[in-house]
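Note that this is a predicted model, so its numbers are computed, not measured.
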Amino acid sequence: MRPRTSPARRPITIRRAVAGDAKRLTRLVRGSAAYGGEYASAVAGYRVGPDYIEAHRAFVAVGADEQGGRVLGFYSLVLDPPELDLLFVDDEAQGRGVGRLLVAHMRSEARAAGLDRVMVVSHRPAEGFYHRVGAVRTGTALANPPAVPWDRPEFEFRITPE
């Protein structure tokens, strides 16, 4: 397993995803080490298309000092029903605070949209991350073979007014 720390923090910018990001986001999902082994089937044919980006509040974290503005991670917030649909951080960017930054941004977007809660159906290896960023476990989403042959933890972010 690769260490999750980085010797130096680099500036990170979060911007709205655009249709031109679709291929990069798809590669990030499909290449995630968290979806290796027994979990590989969940993302094998997954595609983040331009239509998905246009239909949802999708945001990308970009390394501000990296050539070409490398996408370090992204999330997608669905408003109805309120759900954090996708959250991925590039394997090499993990441990740099990218996930925490994306969650903080998602909370701000949810607050601005008038939401008081955002649900997350988590990937099992991400359960600890969601606990660390303040999500509360609310239940279990049961397996749905063949697409998802394992149970998954359900979480909720409570969105408080500022």
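Annotation for Val121 and Ala141: closest pair CG1-CB, 3.8 Å, computed over non-hydrogen atoms. Here the closest heavy-atom approach between residue His56 and residue Leu77 is recorded as CB-O, 4.3 Å. Smallest separation of non-hydrogen atoms from Phe59 and Leu102: O-CD2, 4.5 Å. Between Arg16 and Arg57, the shortest heavy-atom contact is NH2-CA, 3.7 Å. Taking all atoms of both residues into account, the shortest heavy-atom contact from Gly134 to Arg107 is O-NH2, 3.6 Å. Nearest heavy atom pair, residue Gly31 against residue Asp91, reads O-OD2, 3.5 Å.
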- Message: Set out, in order, the CA-CA distance, both residues' side-chain angles and the distance that settles side chain to side chain contact (heavy atoms under 4.5 Å, CB included) for Arg117 and Ile159, then state yes or no.
- Response: CA-CA 5 Å; Arg117 299 169 190 277; Ile159 309 300; 5.7 Å; no
- Message: The test is side chain to side chain contact (heavy atoms under 4.5 Å, CB included); show your working for Arg24 and Arg70 and say whether it passes.
- Response: CA-CA 9 Å; Arg24 290 194 288 182; Arg70 180 173 152 238; 6.0 Å; no
- Item | Pair Ile53-Leu25, side chain to side chain contact (heavy atoms under 4.5 Å, CB included): steps then yes or no | CA-CA 10 Å; Ile53 291 170; Leu25 302 186; 4.0 Å; yes
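At a threshold of 4.5 Å between non-hydrogen side-chain atoms, the residues Leu87 and Phe74 do not count as touching. Between Val62 and Ile12, the closest side-chain pair of non-hydrogen atoms is not below 4.5 Å. Contact of the Val18 side chain with the Asp21 side chain is registered, since non-hydrogen atoms from C-beta on lie closer than 4.5 Å. No side-chain heavy atom of Phe157 sits less than 4.5 Å from a side-chain heavy atom of Pro82. By the 4.5 Å heavy-atom criterion applied to side chains, Tyr35 and Val29 are not counted as neighbours. For the pair Glu83 and Met119, the minimum side-chain heavy-atom distance is below 4.5 Å. Residues Arg124 and Tyr39 form a side-chain contact, since some pair of their non-hydrogen atoms from C-beta on lies under 4.5 Å apart. Counting heavy atoms from C-beta outward, Glu154 and Val120 have side chains that stay 4.5 Å or more apart.
No donor-acceptor pair closer than 3.5 Å links the side chain of Arg152 to the backbone N or O of Thr140. Distance alone, capped at 3.5 Å, is enough to place a donor-acceptor pair between the Arg137 side chain and the Gly139 backbone. At distances below 3.5 Å, at least one donor-acceptor pair connects side-chain atoms of Gln94 with backbone N or O atoms of Val89.
Judged purely by distance below 3.5 Å, without hydrogens or angles, the side chains of Asp85 and Tyr75 never pair a donor atom with an acceptor atom. Judged purely by distance below 3.5 Å, without hydrogens or angles, the side chains of Thr26 and Tyr46 never pair a donor atom with an acceptor atom.
For Phe155 and Phe129, the gap between ring centers reaches or exceeds 6.0 Å.
Ion pair Arg27/Asp90 not flagged as a salt bridge, since none of the NZ, NE, NH1 or NH2 atoms sits closer than 4.0 Å to an Asp/Glu carboxylate oxygen.
One hydrophobic cluster, built from ILVMFWY side chains closer than 4.5 Å, cannot hold both Phe88 and Val78; they sit in different ones.
In this structure, NE2 on His105 lies 11.5 Å from CZ on Arg15, to the nearest 0.5 angstrom.
Exactly one residue among Asp116, Val136, Val118, Leu115 makes a side chain to side chain contact (heavy atoms under 4.5 Å, CB included) with Arg158. That residue is Val136.
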